[in-house]
Amino acid sequence: MGLELFDSKTQTVREFTPLQPGLVSMYVCGPTVQSAPHLGHLRSALVYDLLRRWLEANGYQVTVVRNVTDIDDKVLVNAAEANRDWQEFALEVESTFNSAHTSLGISEPTRSPRATEHIADMIALVESLISKGHAYQAEDGTANVFFDTSSWPSYGELTNQKLENMEGEVEASFGRRNVNDFALFKAHKPGEPESASWQTPWGMARPGWHIECSAMAKHFLGTEFDIHGGGLDLRFPHHENELAQSSANGDDFANFWFHNALVTIQGQKMSKSLGNGVSVEELLIAGSWAAIRYWLSSAQYRSNLDYTANSLSDAQAALDRIGGFVKRAKLVTSVVKAQLPEGFVRAMNADLNIPAAIAVLHETIRAGNIALDAQEIASVTEHLSEVSAMLDVLGLMLGQPKEFSAELTAKIEKLIGLRSEAKGSKDFAKADQIRAELTDLGVTLEDLPNQTIWSING
RNA sequence: GGUGGAGUGGCUGAGCGGCCCAAAGCAGCAGCCUGCAAAGCUGUCAAACCACGGGUUCAAAUCCCGUCUCCACCUCCA
């Protein structure tokens with residue numbers, strides 16, 4: 001059985017078949033670069049990285065477009081507060097996202113377009129919508145342009161809502177005809193930087209939030225593509241509005257809608273507006289990037305993931321177990337090409353059940369350890385190779401071995417040599433003294449049957 | 001008011017009609033290894049039965065009904 005994914009539009013798990021054999025096109029809503037990323041953003045980025053890896057492991061050529069929303073109310077507000085040029089500010093925040101992604105081992109999207117680079121595409125799309133009777137310039141004559149929700153009977157189809165049940169704006173404002181109509185372009189406001197507005201057929205304006213995704217998805221992926229992803233909190237209004245714009249324009253848009261659940265803290269959503277987001281800096285005090293990645297993988301993507309004080313240390317302990325096996329196994333054998341275990345494949349295909357896949361990883365490690373104890377090298381090789389293949393798919397990093405100076409390495413190895421000699425001549429006092437010396441240097445020794453390996457803590 | 005989702009061992013977290021008297025990890029306990037440790041490994045422990053009360057079924061954590069609690073979205077958010 002092949003890959004099955006939950007499609008949040010139909011609210012069913014469906015077999016995934018790409019529109020074009022062998023190719024997968026995916027659009028992911030990336031960050032609004034208004035402030036530095038927190039754990040929740042990392043989860044979202046990681047989910048799509050894992051999906052991409054699994055698709056690639058299955059032989060698909062995957063095109064991932066992840067946008068950067070670099071023009072938005074909050075970007076302008078936050079930049080102004082920081083007394084910065086908004087474009088510089090946006091670029092800087094974007095780079096903090098990028099470096100966090102890189103550190104987490106998230107591969108770069110095929111394309112990562114910025115909203116401000118596609119104003120022309122957005123204008124074209126809005127003109128098309130106006131000509132089809134689905135959008136209008138503000139009644140008050142400003143450059144505001146709105147989508148006319150009353151012209152689109154399917155509005156609400158993504159989130160299964162009826163227009164009359166929606167709360168909408170308190171009152172029609174800025175020239176809206178209807179409280180649920182949403183902005184496609186926003187007229188330039190006095191006080192906002194000139195640079196934050198563009199010449200449009202309706203006057204100087206900047207794009208609304210939703211139009212960029214419709215325009216850029218079409219630009220890079222065409223009128224129809226396989227998967228549209230983003231955080232659960234984007235389903236409404238953002239994705240609902242994207243769908244309305246694109247489908248009102250006659251485009252088929254996404255075949256699968258994919259929404260990752262959120263990271264919570266004390267049961268509450270982690271969010272910029274609640275101010276309870278755990279920043280990258282705080283995370284790195286609690287654990288390593290590897291631990292963060294492992295922990296973020298530990299719940300299925302549609303389940304909330306609650307961050308607690310122990311989260312990263314638990315993850316690190318699990319990771320150490322994995323790393324310990326790999327390290328020891330590699331002393332007696334090496335990795336060969338291996339098939340992924342059937343249970344692992346089954347778990348990944350079942351709507352990307354990473355925690356179940358990780359369970360298979362641990363089971364394989366246990367079997368590998370047993371083989372290691374029994375000195376059954378062929379079996380160790382097999383298990384090590386399977387583990388390696390699984391780690392590859394999961395993109396799990398095993399605490400990249402730190403580089404130490406040759407000088408330090410030589411010193412440590414010399415001390416270990418002396419200790420071994422002391423042990424050989426049963427001079428345990430001396431051996432223990434050397435071990436204590438190494439402990440002071442932060443070096444942890446591990447005595448294996450015929451050698452001593454070492455690592456440096458922290 | 002509307003639309004979704006969740007409640008599983010000390011913690012995290014899979015399972016969503018029979019293979020479940022419930023995966024995996026962490027923590028706990030014991031043993032192995034060791035000169036002793038550390039680290040590591042192995043085993044084991046754990047839920048008077050999966051929020052509660054009914055029901056359907058030969059069979060339910062898994063389906064249905066009711067109740068309680070919690071979360072998300074309907075305003076910017078991954």
Side-chain angles (χ1 to χ4, degrees), chain A residues 8 11 28-32 34-35 37-48 69 72-74 77 97 156 158-170 180 209 229-238 240 259-264 267-274 277 294-295 298-300 302-311 313-322 324-325 327-328 343 347 350 353-363 365-366 368-370 372-373 423 426-429 431-432 435-436 438-439 444-449 452-455:
Chain A
S8 39
Q11 295 177 42
V28 179
C29 277
T32 299
Q34 50 152 309
S35 55
H38 61 61
L39 200 41
H41 300 104
L42 300 182
R43 179 181 195 189
S44 183
L46 180 60
V47 164
Y48 300 102
T69 302
D72 152 274
D73 295 15
K74 288 254 171 91
V77 169
F97 270 87
L158 181 68
T159 50
N160 196 23
Q161 298 184 91
K162 293 192 171 70
L163 211 42
E164 62 265 29
N165 289 329
M166 293 183 198
E167 290 174 344
E169 296 287 323
V170 180
N180 294 298
W209 179 30
L232 193 56
D233 50 357
L234 297 184
R235 275 176 79 221
F236 193 92
H238 186 52
E240 187 71 73
H259 288 101
N260 60 279
L262 309 172
V263 175
T264 58
Q268 274 219 315
K269 174 186 171 182
M270 193 175 279
S271 74
K272 286 174 184 170
S273 40
L274 289 173
Y294 182 93
W295 180 72
S298 70
Q300 204 263 354
R302 287 199 284 134
S303 298
N304 281 348
L305 185 53
D306 198 56
Y307 182 74
T308 68
N310 293 332
S311 296
S313 55
D314 285 1
Q316 190 60 55
L319 220 39
D320 287 346
R321 181 168 180 270
I322 299 168
F325 167 69
K327 189 164 155 190
R328 271 172 275 113
N353 192 340
I354 310 279
I358 289 178
V360 175
L361 173 68
H362 283 289
E363 282 163 7
I365 285 168
R366 186 187 308 129
N369 277 320
I370 291 169
L372 208 46
D373 277 356
K423 280 176 67 178
K426 308 251 184 225
D427 185 353
F428 297 123
D432 288 351
R435 184 169 61 199
L438 284 163
T439 303
T444 303
L445 299 184
E446 212 176 305
D447 288 332
L448 298 183
T452 298
I453 58 178
W454 59 275
S455 54

(message) For the backbone of A:Leu158 and the side chain of A:Glu240, can you confirm whether one donor and one acceptor N or O come within less than 3.5 Å of each other?
(response) yes

(message) Looking at A:Lys272, I'd like to know whether one of its side-chain N or O atoms comes within less than 4.0 Å of OP1 or OP2 on B:A78.
(response) yes

(message) By nearest heavy atom, map A:Val263 and A:Asp320 onto RNA chain B; which one lands nearer the 5' end?
(response) A:Asp320

(request) Would you indicate which nucleotide in B:C73, B:A38, B:A14 comes nearest to any side-chain atom of A:Lys269? (result) B:C73

(message) Once you apply a heavy-atom cut-off of 4.0 Å, does A:His38 come out as touching a base, just sugar-phosphate, or nothing?
(response) base

(request) Could you check which nucleotide pairs with B:A38 in any of the strands shown, counting Watson-Crick or G-U wobble with both distances under 3.5 Å? (result) none

(message) Considering every strand and a 4.0 Å limit on heavy-atom distances, what is the contact class for A:Leu445: base, sugar-phosphate, or nothing?
(response) base

(message) What contact category does A:Glu240 fall into here, base, sugar-phosphate, or nothing, at under 4.0 angstrom with non-hydrogen atoms?
(response) nothing

(message) For B:A72 and A:Asn304 - does any side-chain N or O of the residue sit under 4.0 Å from the phosphate oxygens OP1/OP2?
(response) no

(message) Given the structure, check if the side chain of A:Asp447 and the base of B:A37 hold any donor-acceptor pair shorter than 3.5 Å.
(response) yes

(message) Please classify the nucleic acid contact of A:Ser298 as base, sugar-phosphate, or nothing, using heavy-atom distances under 4.0 Å.
(response) sugar-phosphate

(message) Quick check: closest heavy atoms across A:Cys29 and A:Leu234, and the distance to 0.1 Å?
(response) CB-CD1, 3.6 Å

(request) Quick one: look up who B:C70 pairs with, Watson-Crick or G-U, both distances under 3.5 Å, and put none if it's unpaired. (result) B:G5

(request) Look at A:Lys162 and B:C74 and indicate whether a side-chain polar atom (N or O) is within less than 4.0 Å of OP1 or OP2. (result) no

(message) If you go through the side-chain atoms of A:Arg435, does one of them form a donor-acceptor pair with the base of B:A37 closer than 3.5 Å?
(response) yes

(request) Could you check whether A:Gly324 gets within reach of a base, just the sugar-phosphate, or nothing at all, counting any heavy atom under 4.0 Å? (result) nothing

(message) Does the protein touch nucleotides 18-28 of chain B at the base, only the backbone, or not at all? Give it as B, S and - per nucleotide, heavy atoms under 4.0 Å.
(response) -----BSSS--

(message) Is it the case that the base of B:C76 and the side chain of A:Lys74 share a donor-acceptor contact (distance under 3.5 Å, atom types as modelled)?
(response) yes

(message) Checking contacts here: which listed nucleotide (B:C74, B:C41, B:U12) is nearest the side-chain heavy atoms of A:Arg328?
(response) B:C41

(message) Has A:Ser44 got a side-chain atom pairing as donor or acceptor with A:His41's backbone, closer than 3.5 angstrom?
(response) no

(request) Decide yes or no, distance alone: a donor-acceptor N/O pair under 3.5 angstrom between the base of B:G35 and the side-chain of A:Asp432. (result) yes

(message) Heavy atoms from C-beta onward define the side chain here; which of B:G13, B:G35, B:G40 lies closest to that of A:Leu305?
(response) B:G13

(message) On RNA chain B, compare the nucleotides closest to A:Glu446 and A:Ser44; which residue's is nearer the 5' end?
(response) A:Glu446

(message) Is there a side-chain contact between A:Thr264 and the phosphate of B:A72, meaning an N or O under 4.0 Å from OP1 or OP2?
(response) no

(message) Under 3.5 Å for both donor-acceptor distances, Watson-Crick or wobble: does B:U44 have a partner, and if so which one?
(response) B:G28

(request) Could you tell me whether the phosphate oxygens of B:U42, OP1 or OP2, come under 4.0 Å of any side-chain nitrogen or oxygen in A:Asn369? (result) yes

(message) Checking contacts here: which listed nucleotide (B:G35, B:A78, B:G4) is nearest the side-chain heavy atoms of A:Asn160?
(response) B:G4

